[in-house]
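From a predicted model like this one, the values you see are computed outputs, not experimental measurements. Values reported hereafter were calculated over all heavy atoms of this structure, with side chains retained and with hydrogens, waters and symmetry mates removed. Every chain is numbered from 1 and lettered A, B, ... according to where its sequence line falls, protein lines coming before strand lines.
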There are 2 protein chains.
Amino acid sequence: MNHQRMNHQRTNQARTGLRERTRRAIQKEITEAAERLFVERGYEATTIGHIAEAVGMSRRTLYRYFATREDIVLGKLDLVADDLLAALRSRPGDEPLWTSLRHSFDLLVAHFDDVWKVEFAEPMQRIIFGTPDLLGRYLEKLERMQGAAELVVRERAETTGTPWADDDPTPRAVVGAAFGCLVAAQHAWFAGGAKEKFGVMIDRAMAAVVPRD
Amino acid sequence: MNHQRMNHQRTNQARTGLRERTRRAIQKEITEAAERLFVERGYEATTIGHIAEAVGMSRRTLYRYFATREDIVLGKLDLVADDLLAALRSRPGDEPLWTSLRHSFDLLVAHFDDVWKVEFAEPMQRIIFGTPDLLGRYLEKLERMQGAAELVVRERAETTGTPWADDDPTPRAVVGAAFGCLVAAQHAWFAGGAKEKFGVMIDRAMAAVVPRD
DNA sequence: CAACGTGTGGCACAGTGTGTCAACAACGGC
DNA sequence: GCCGTTGTTGACACACTGTGCCACACGTTG
C-alpha cells in the first residue's frame, strides 16, 4: 500500500539537501544498472536480487530506494508529471484548452526525443508496452496525471468565469482525450520504428481530435 | 506470463459444451464469493487462500480458473471486449466514426446501469479505481481493447476506400479519445454518487469531444 | 476391464514486498 | 575529546502470489 508516494516525497522543501542529492545519485545508479539488465535479459527474467547484486547492495536496501520493481522503470514519470502540471498551469487562461494541453506535452516530447531516444528510448518503450505489469502501472500513472490535470483545468476555468459543474464529465473528457492522443502517438511512433520525430506524431494525433473550444 | 489468454480461450467453438458450462458456473461462483469478500474486507486484505476457503476448493485449483487475483474482478471484461468489437464491426460503414464508437459503448452502458449497479456497481467500481493494481490492469485491458478497435476501424476505412497510412496515429487517436471519454464518464458517474444514469454521462463526455469526421 | 482424458489437491519452489532488529556511521552539543 | 541522536544498512523471518510437478479420483470409451 501507498507505494507511489514513497519516492520524491517533498519536491519543494529540502531541494538541495545533501541527503536528497546522494539519494538521487544512488537512485540514478540503480535505474541505469537495472535498465541495462532489463534490456539485455528481459524484464521478467531480471529479479530484484540481480539488480541488487549488480549495484552491490542488499535486496532490502534496494527496496528503500524503490518500493516496487515497476518504480525503477517508471519512477521518473512522477517527476515529469509535476513539471507537466506546472507547464499546464502556466499557460495563458484565454488559450484554447486543447492548445494548452498540447503545449504541456512538449515536456514529454523532449523527454522522448532527447533523453530516452539517445540511450534507451525504443527498447525501454518496447519493454513497457510489452510487459502487462509495466503497461498497467504506466497507464495508471497517466490516469493520476489526468486527475491532477483536470483539477488544474477546472481552477483555470473558474478564474475565467466559466466553471463546470462538479458532476460534469467535460473537463476530464477533454483531458482524457488528449492523453488518449498521447498514447496513440506513442504507438504510431515506435510502430514506425521511431523514424519520425515524436513531436510530429503527437501533432498529427491531436489534430485528428479537436474538441469544441 | 500470458495470463490474459488463459480464460475464455475460444469464444466461438464449443460455446455450449458441458465442460465450458460447468466451468463458467464455477467461475461465476468464485467471482461472487470473492466480490463479497472484497467488498466487506477490502481487496488487499483478501488473499487467494481466503477466497479458496470460501468456495471450498484448494488454492491450486482456484488458480486453474483465474490466473491472477485481478482476473477474478476483471475477467468478465474480456467477454465484454469481444462483444464491443462485434458491435463496432456491425455498425454501418458510412456512419461517422465517433457515432459508431458511441453506439459500441452501449454494451458497457448496459453493463453498468443494469448488472453491476443492481448488485455491486458502486462498491466494486470504487475498489477498482481505488486499488492501484486493479486500476492498472483495468486500464491495460482497455488499452488492448483500443488496439483491437483500431484494427476494426482501419479495416472499415479500407472498405470505404479511405484507408489511413500505417504510421498515421489518427485512428488510434480517435479510438483513444473515445475511451478517454469513457473513463471520464466513469469518474463523473460515481463522483456524483451514481445518481445520474451512466448513459447520460458518457453522452455528455463524448459530446464535449467530437473529432473532425 | 483397461486405457484415457480431465479435474483436483498437495507439495515444493522462486519471487515480491514488509516488519523488525542490531550494527554502524555522521553530526551536533557538552 | 565523549555521548546521545538520527539516519542508513544488512540480515533474518514472514506472508503472499503464481507455477511446476506429481499422484489420485472420476467418468467415458474402446
**Asked** Is there a donor and acceptor pair, one atom on the side chain of B:Arg60 and one on the base of D:dG20, closer than 3.5 Å?
**Response** yes
**Item:** Nearest-angstrom distance from the residue atom CD1 of A:Ile26 to C1' of D:dG7
**Value:** 12 Å
**Item:** Any donor-acceptor N/O pair under 3.5 Å between D:dG10 base and A:Arg64 side chain
**Value:** yes
**Asked** Do B:Arg69 and B:Tyr43 meet the cation-pi criteria used here (NZ or CZ under 6.0 Å from the six-membered ring centre, within 45° of the axis)?
**Response** yes
**Prompt:** Does A:Arg59 get its side chain close enough to the base of C:dG17, under 3.5 Å, for a donor-acceptor pair?
**Reply:** yes
**Message:** Under 3.5 Å, is there a donor on one side chain and an acceptor on the other for A:Thr131 and A:Asp133?
**Reply:** no
**Asked** Atom OH of B:Tyr63 to atom P of D:dC21: distance rounded to whole Å?
**Response** 18 Å
**Fill in**
Shortest non-hydrogen pair, B:Leu182 vs B:Phe198, comes out as CD1-CZ, 4.0 Å
**Prompt:** Between atom CD1 in B:Ile30 and atom P in C:dG7, what is the gap in whole Å?
**Reply:** 13 Å
**Prompt:** Which residue lies toward the 5' end of DNA chain C, B:Gly56 or A:Thr46, if each is placed at its nearest nucleotide?
**Reply:** B:Gly56
**Request:** Verify whether the ring centers belonging to A:Phe179 and A:Phe105 lie closer than 6.0 Å.
**Result:** yes
**Asked** Can you tell which of C:dG9, D:dG18, D:dT9 lies closest to the side chain of A:Tyr65?
**Response** D:dT9
